[in-house]
Amino acid sequence: MTFRHSSLAPSNILRQHIARIIKPQKTHLLLALGLLAGQATAADDSHFEWRCDPNGGAWECKEVAVSGSSYDRPKRVTKKSTSQSNTSNRHAVAKPRNLPAAQVDWVQAEDLTSEQRINIAQGCCGRYIEPIREDAEGQIHPGDAPLRIGANSSEVLQDSLAKFEGDVLLTQGYRQLQADKAELDQSNDTAKLSGDIRLREPGILIAGSDMLMNVETGTAKISNASFLIHDSGIRGNADSLQQTADNKLILEDGSFTQCEPDSNVWLLKGSEIKIDQNAGQGTGKHVRLEVKGVPIFYTP
């Protein structure tokens, strides 16, 4: 993350590798900001870090010695190709964020490993494969992990309110969020994001234009949403989508189907559809089933 502020002239203060760490506890927003300057530690049990606080319209930064080891950056891991590899989908996270969710992780059958082909759903010609997280915190529950934020620019508006713009990336354990803009309010643990949003959690991908999320509980509401459930191959769209704390999706004026991104052989639509990912079941209101674009069933 790069701070852009007229008073921060010395480039050696910020440098290129800056990590923002905001603890889940209600700590002062700026006291949780560790600026890793890439310097050697003074001793095995201590290190240096930069701490910044607002001073009027400027920033006041100073280098301080801190006990304990410095943050261990995740190491780059190079793995040999195996049946568990991500095949051609390894770089899905880098695909344009304006794509619907279903167009991000789809892999044709011929590009899958032999093991992945075994689990292709009947009638489908491929599978949705989610990228493998290889960083140290990729398998940790968000409630047990710090919130890390990166962006092209940032601004602290109040003690607990910060604004980020440009290739925003929020990670908290296995949860990952990308957006054009984000506002983080630590006083009520909420994050407001806008502009080509992409939310990833194990087994699910959601895309949309605007999102309001409770960082502590993981509940979220997304506008103009598309979603994908990897294991079942279920994908869909909704004017508004809610993700609940008990792993349910609530679609308002939504629809869903299965298999490859551009195939809508069958489509289930409804004014409200609830999908329980744990139970593998769904309920709906004013639901109609379409086959090849022709309505064949309706129930209130």
Side-chain angles (χ1 to χ4, degrees), residues 1 17-24 34 36 70-107 111-113 115-116 119 126-151 164 167-180 182 184 191 193 196-208 211 213-220 222 225-235 243 245 247 249 277-278:
M1 179 182 67
H17 301 288
I18 298 177
R20 183 178 184 88
I21 304 173
I22 302 178
K23 298 292 184 181
L36 303 182
S70 61
Y71 170 65
D72 187 14
R73 297 174 183 172
K75 297 180 180 179
R76 181 180 179 86
V77 179
T78 303
K79 293 187 177 181
K80 295 181 179 179
S81 178
T82 67
S83 60
Q84 297 298 322
S85 69
N86 261 22
T87 62
S88 62
N89 201 43
R90 185 173 293 123
H91 302 294
V93 70
K95 289 185 177 180
R97 283 186 284 106
N98 61 350
L99 293 176
Q103 294 186 19
V104 179
D105 291 345
W106 175 255
V107 182
D111 296 324
L112 295 169
T113 66
E115 182 177 343
Q116 290 169 339
N119 296 317
R127 282 187 59 194
Y128 293 100
I129 307 294
E130 57 186 319
I132 296 173
R133 286 277 300 275
E134 295 179 340
D135 57 284
E137 297 177 357
Q139 306 302 318
I140 301 177
H141 189 279
D144 300 323
L147 175 64
R148 308 191 187 281
I149 308 176
F164 305 87
D167 291 327
V168 179
L169 175 62
L170 292 81
T171 58
Q172 188 173 24
Y174 58 61
R175 183 179 299 138
Q176 186 180 69
L177 268 166
Q178 295 174 278
D180 293 334
L184 182 67
L193 302 99
D196 294 332
I197 296 162
R198 186 179 292 173
L199 166 64
R200 280 193 183 276
E201 292 188 4
I204 188 169
L205 171 65
I206 302 174
M211 174 186 294
M213 167 175 273
N214 185 298
V215 178
E216 183 176 358
T217 64
T219 58
I222 305 99
S226 62
F227 71 94
L228 163 66
I229 302 174
H230 293 83
D231 287 345
S232 63
I234 293 294
R235 60 178 177 83
Q243 179 174 257
N247 211 26
L249 298 179
Q277 299 179 70
N278 296 325

Report yes if the side chains of [X] and [Y] come closer than 4.5 Å at any heavy-atom pair, otherwise no.
X: Gln277; Y: Ser232; value: no
X: Phe227; Y: Ile234; value: yes
X: Thr171; Y: Asp135; value: no
X: Gln243; Y: Leu249; value: yes

Do any N or O atoms from the side chain of [X] and from the backbone of [Y] form a donor-acceptor pair under 3.5 angstrom?
X: Glu130; Y: Gly203; answer: yes
X: Gln116; Y: Thr113; answer: yes
X: Arg97; Y: Asp196; answer: yes
X: Ser226; Y: Ala101; answer: yes
X: Arg198; Y: Pro96; answer: yes

Ignoring hydrogens, what is the shortest heavy-atom contact between [X] and [Y]? Give both atom names and the distance.
X: Ala220; Y: Met213; answer: CB-CE, 3.9 Å
X: Ala245; Y: Thr219; answer: N-CG2, 3.4 Å
X: Leu99; Y: Ala207; answer: O-CB, 4.1 Å
X: Arg235; Y: Ala102; answer: CD-CB, 3.5 Å
X: Tyr174; Y: Pro202; answer: CD1-CD, 3.1 Å
X: Thr217; Y: Asn214; answer: N-OD1, 2.9 Å

Would you check, one step at a time, whether the test side chain to side chain contact (heavy atoms under 4.5 Å, CB included) holds for Leu177 with Gln172? CA-CA 9 Å; Leu177 268 166; Gln172 188 173 24; over 6 Å; no
Gap separating the [atom1] atom of [X] from the [atom2] atom of [Y], nearest 0.5 angstrom:
X: Leu199; Y: Leu205; atom1: CG; atom2: CG; answer: 7.5 Å
X: Ile229; Y: Ile206; atom1: CD1; atom2: CD1; answer: 8.5 Å
X: His141; Y: Arg175; atom1: NE2; atom2: CZ; answer: 7.0 Å
X: Ile204; Y: Tyr128; atom1: CD1; atom2: OH; answer: 13.5 Å
X: Ile140; Y: Arg133; atom1: CD1; atom2: CZ; answer: 9.0 Å

Would one find more than 12 heavy atoms of other residues, nucleotides or ligands at under 6.0 Å from atom CG of Asp180? yes
Passes side chain to side chain contact (heavy atoms under 4.5 Å, CB included), Leu170 versus Leu193? Steps please. CA-CA 10 Å; Leu170 292 81; Leu193 302 99; 4.0 Å; yes
Going by an N to O cut-off under 4.0 Å, is there a salt bridge joining Arg200 and Asp105? yes
